[in-house]
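Quick notes on the structure that follows.
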2 protein chains.
Amino acid sequence: MASTFEVLAEPHRREILDLLREGERPVGDLVERLALTQPAVSKHLRVLRGAGLVEVRQDAQRRWYRLRLDPLVELDSWLEPYRRMWTSSLDALERHLDTMEDPDE
Amino acid sequence: MASTFEVLAEPHRREILDLLREGERPVGDLVERLALTQPAVSKHLRVLRGAGLVEVRQDAQRRWYRLRLDPLVELDSWLEPYRRMWTSSLDALERHLDTMEDPDE
DNA sequence: CGTGTATATGCCTGTTGGGATATATTGCCG
DNA sequence: CGGCAATATATCCCAACAGGCATATACACG
């Protein structure tokens, strides 16, 4: 988990994940849309793989990278206690608004 | 948003946020439970404040730091499209299990 | 087997970031 | 006003990291 944040701290890596949301992509494909050299992209992919955010499928000399959601699920659960905080205030607001409805009563 | 990830990448800072979930705390209080020197803690608080993750209230020479949820709400919404991906697969699994129920029929 | 294509790795460099120590700042109290 | 308590800032050091270029590796195909 700890490491997931560090990995996501890099904007290019988040960009890669965003691209992979649409499906598997070979490295060259990513290089084209990333204003980065191929070695740089490969490096980021390695880091993403290390964090389990991505997995590879080999197809001849092409390597297709695909998103893995597990670490993001963990991130989501890290967020959970905080989310409870704002949803509970939202609930409070809703309750408040409820008490205010029908103003002319 | 970009910056929120970078800020959260630091474990001590996440620890600080965790502590602040229980309520306002003065700096010294944080220093005590953080295996860090006071200047280090102040630095982290400065970064957290810069990212809007924390706000200060001054009370004489004491400064009470408090959690701010806004950036975490944003993080949550960054996560949203990914969350859709795993909830939809979960839905698919549920549908699958539905088709499998009543095995001896 | 040699050549070209796709991707990974090594090496170097500049920058950033966290930590510690020392010092400045602010506000209280006697 | 002097001194103490709480916190912030300045300075320095070291480690980690991203990026680029050059090069290695892997694989297909003629």
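- Comment: Arg33(B) engages Asp29(B) in a salt bridge, judged by a side-chain N to carboxylate O separation of less than 4.0 angstrom.
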Could you go through Arg63(B) and Val56(B), starting from their C-alpha distance and side-chain angles, then the distance that decides it, and tell me whether this counts as side chain to side chain contact (heavy atoms under 4.5 Å, CB included)? CA-CA 6 Å; Arg63(B) 295 179 162 228; Val56(B) 210; 3.7 Å; yes

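- OP1 and OP2 of dT7(C) both lie 4.0 Å or more from every side-chain N or O belonging to Ser42(A).
- Of all the residues in residues 15-36 of chain B, Pro26(B), Val27(B), Gly28(B) reach under 4.0 Å from DNA chain D with at least one non-hydrogen atom.
- Relative to the side chain of Glu10(B), the nucleotides dC11(C), dA8(D), dG19(C) differ in distance, and dG19(C) lies closest.
- Residues from residues 44-55 of chain B lying near DNA chain D, meaning a heavy-atom separation below 4.0 Å, are Arg46(B) in numerical order.
- Using a 4.5 Å heavy-atom threshold, the side chains of His44(B) and Leu30(B) count as separate.
- Looking at Arg13(A) and Leu8(A), their side chains never come closer than 4.5 Å, going by heavy atoms from C-beta outward.
- For the side-chain contact (heavy atoms from CB on, under 4.5 Å) test, residues two or more places apart in sequence or in another chain that qualify with Arg62(B) are Pro26(B), Asp59(B), Trp64(B).
- Summarising the local packing, CZ of Arg46(B) is surrounded by 12 or fewer heavy atoms from other residues, nucleotides or ligands at distances under 6.0 Å.
- Remark: the Gln38(B) side chain and the dA8(D) base include a donor-acceptor N/O pair separated by less than 3.5 Å.
- Phe5(B) places none of its side-chain heavy atoms less than 4.5 Å from the side chain of Glu10(A).
- Contacts of Glu80(A) classified as salt bridge (charged side-chain N to carboxylate O under 4.0 Å, His left out), with partners at least two apart in sequence or in another chain: Arg83(A), Arg84(A).
- The side-chain contact (heavy atoms from CB on, under 4.5 Å) with Arg21(B) is formed by just one residue from the set Asp18(B), Leu17(B), Leu19(B); it is Asp18(B).
- A donor and an acceptor atom sit less than 3.5 Å apart, one in the side chain of Lys43(B) and one in the base of dG19(C).
- Listed by chain and residue number, Arg57(A) satisfy the side-chain hydrogen bond (donor to acceptor under 3.5 Å, both in side chains) test with Glu24(A) (two or more places apart in sequence, or in another chain).
- Looking at Arg68(A), its side chain never comes within 3.5 Å of a backbone N or O of Glu55(A) through a donor-acceptor pair.
- Residues from residues 56-65 of chain B placing a heavy atom under 4.0 Å of any atom in DNA chain D, listed by number, are Gln61(B), Arg62(B), Arg63(B), Tyr65(B).
- Applying the 4.0 Å criterion to OP1 and OP2 of dA20(C), one finds that Thr37(B) has a side-chain N or O inside that range.
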